[in-house]
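Some notes on the structure that comes next.
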Amino acid sequence: MHILVTNDDGIDSPGLWALAGALHEAGLGTVTIIAPLEEQSGMSMSLPPRRNPHVRAVPAPDPAHAEIAAFAVEGTPVACVTVGLLGDLGPRPDVIVSGINRGLNTGTNVLLSGTVGAAMIGALYGLPALAISQQFKGDAPMPWATAAWVAVRSFPLLERMRGNGPLVLNVNVPHVHDLNDIRGFRQTELSGFFYGSVIDVAIGAPDADDKRALSFTYQRDRVPTFAEHTDDGAVRTGYVSITPLAPLVGGSALDLRGALKEI
């Protein structure tokens with residue numbers, strides 16, 4: 001089993017290495033990282049043209065991960081997966097795992113997410129794919145180990161996806177450091193939450209070059225409450241949310257509720 005791990009937060013993200021390290025240490029297969037050189041959040045499934053992009057091998061930041069081959073690509077998450085599938089950087093991947101994203105990818109915002117976009121392109125190439133995101137709370141330390149544990153526990157679900165058409169498992173993890181605080185795993189629907197409904201944009205006065213500063217402010221007081229059967233609602237009440245996403249109209253439905261009871 002060859003596992004391609006990518007993300008949209010960039011090659012230096014601690015969440016990326018926590019994920020790859022956990023998959024490797026669990027003995028789930030050979031892990032290769034191919035991730036953007038720089039942060040590419042919000043790039044969705046973008047593959048923008050670039051005249052002379054490069055890819056280079058990078059060393060693991062922790063000696064414990066020295067056996068994991070890692071490459072940085074001057075491009076988007078979709079570009080990274082495409083390089084992994086069509087380039088000559090090693091064996092063709094059997095599965096795609098994207099994350100761990102700093103922040104949830106829920107509701108209609110999955111359409112904006114580079115984390116989900118990377119998994120989607122893998123699914124369109126016919127591979128089982130999982131996107132995993134970790135809730136964050138202001139300046140509180142990120143519980144990367146929690147989401148890494150969830151990724152390992154969720155990984156066997158990928159085999160259930162083979163033969164069910166292009167599908168992505170979109171996994172969102174609550175912000176908890178103690179695994180005992182996770183209430184369980186729940187198959188969910190996308191909430192109707194739209195990022196644009198809680199954003200304010202301000203435009204400043206023109207400067208000497210007629211440029212005007214832009215500011216984007218996230219108004220948390222406008223975030224609504226959510227039903228527990230949705231991804232946003234499940235995570236906010238302490239559950240791991242798992243939402244199957246079909247990138248094509250008419251994609252197969254996948255019922256994982258029985259399997260989740262075994263996790």
Side-chain angles (χ1 to χ4, degrees), residues 3-43 55-81 83-84 89 93 95-106 109-110 112-119 122 129-155 169-182 218 235 240-241:
I3 306 167
L4 173 58
V5 174
T6 190
N7 73 347
D8 71 359
D9 288 331
I11 192 71
D12 294 324
S13 169
L16 174 76
W17 288 95
L19 173 61
L23 295 171
H24 172 73
E25 291 160 16
L28 297 174
T30 301
V31 177
T32 299
I33 292 174
I34 305 180
L37 178 63
E38 299 175 338
E39 183 178 354
Q40 298 285 320
S41 296
M43 294 300 289
V55 57
R56 63 180 176 88
V58 297
D62 186 331
H65 300 149
E67 295 182 23
I68 299 174
F71 301 89
V73 172
E74 294 175 340
T76 64
V78 163
C80 293
V81 175
V83 168
L89 292 179
V95 297
I96 307 297
V97 183
S98 181
I100 302 166
N101 190 67
R102 183 180 179 275
L104 298 178
N105 281 306
T106 50
N109 300 316
V110 299
L112 305 175
S113 168
T115 303
V116 176
L130 184 151
I132 183 161
S133 304
Q134 173 82 71
Q135 184 184 28
F136 79 94
K137 293 185 176 181
D139 296 327
M142 288 294 290
W144 298 119
T146 300
W149 176 83
V150 167
V152 170
R153 296 296 299 270
S154 304
F155 189 84
L169 292 187
N170 188 40
V171 181
N172 285 277
V173 183
H175 190 284
V176 298
H177 290 269
D178 188 338
L179 296 180
N180 292 321
D181 292 331
I182 292 180
Y218 187 84
V235 171
V240 174
S241 162

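Computed from a predicted structure; not experimentally measured. Only heavy atoms go into these numbers, but all of them, side chains included; no hydrogens, no water, no symmetry mates.
Across all their heavy atoms, Ala35 and Asn7 have their closest contact at CB-OD1, 3.5 Å. The heavy-atom pair separating Ala147 from Gln134 by the smallest distance is CB-OE1, 3.1 Å.
Every side chain to side chain donor-acceptor pair (under 3.5 Å) that Ser133 has, sequence neighbours left out, goes to Asn105. Not counting sequence neighbours, Asp139 has no partner by the side chain to side chain donor-acceptor pair (under 3.5 Å) test. For His24, the ring pair (Phe, Tyr, Trp, His ring centres under 6.0 Å) criterion is met by no residue, not counting sequence neighbours.
Taken to the nearest 0.5 Å, the CE atom of Met43 stands 12.0 Å off from the OG atom of Ser113. Here CG of Asp181 is found 4.5 Å from CG of Asp178. Values are rounded to the nearest 0.5 Å.
Between Ile34 and Val73 the shortest side-chain heavy-atom distance falls below 4.5 Å. For the pair Val152 and Leu28, the minimum side-chain heavy-atom distance is below 4.5 Å. In this structure, the side chains of Val173 and Trp149 stay at 4.5 Å or more apart for every pair of heavy atoms. Annotation: side chain of Asp9 is in contact with side chain of Asn101 (closest heavy-atom distance under 4.5 Å). Taking 4.5 Å as the limit, some side-chain heavy atom of Val235 sits within range of a side-chain heavy atom of Leu104. At a threshold of 4.5 Å between non-hydrogen side-chain atoms, the residues Glu25 and His65 count as touching. Taking 4.5 Å as the limit, every side-chain heavy atom of Arg102 sits out of range of all side-chain heavy atoms of Pro14. The side-chain heavy atoms of Leu130 and Phe155, taken from C-beta on, include no pair separated by under 4.5 Å.
Using modelled atom types, one finds a donor on one side chain and an acceptor on the other under 3.5 Å when comparing Asp8 with Thr115.
Side chain of Thr146 to main chain of Val176: a donor-acceptor pair is present (N/O by atom type, distance under 3.5 Å, no hydrogens or angles).
When each of Ile11, Val78, Asp12, Thr6 is checked for a side-chain contact (heavy atoms from CB on, under 4.5 Å) with Pro36, only Thr6 meets the rule.
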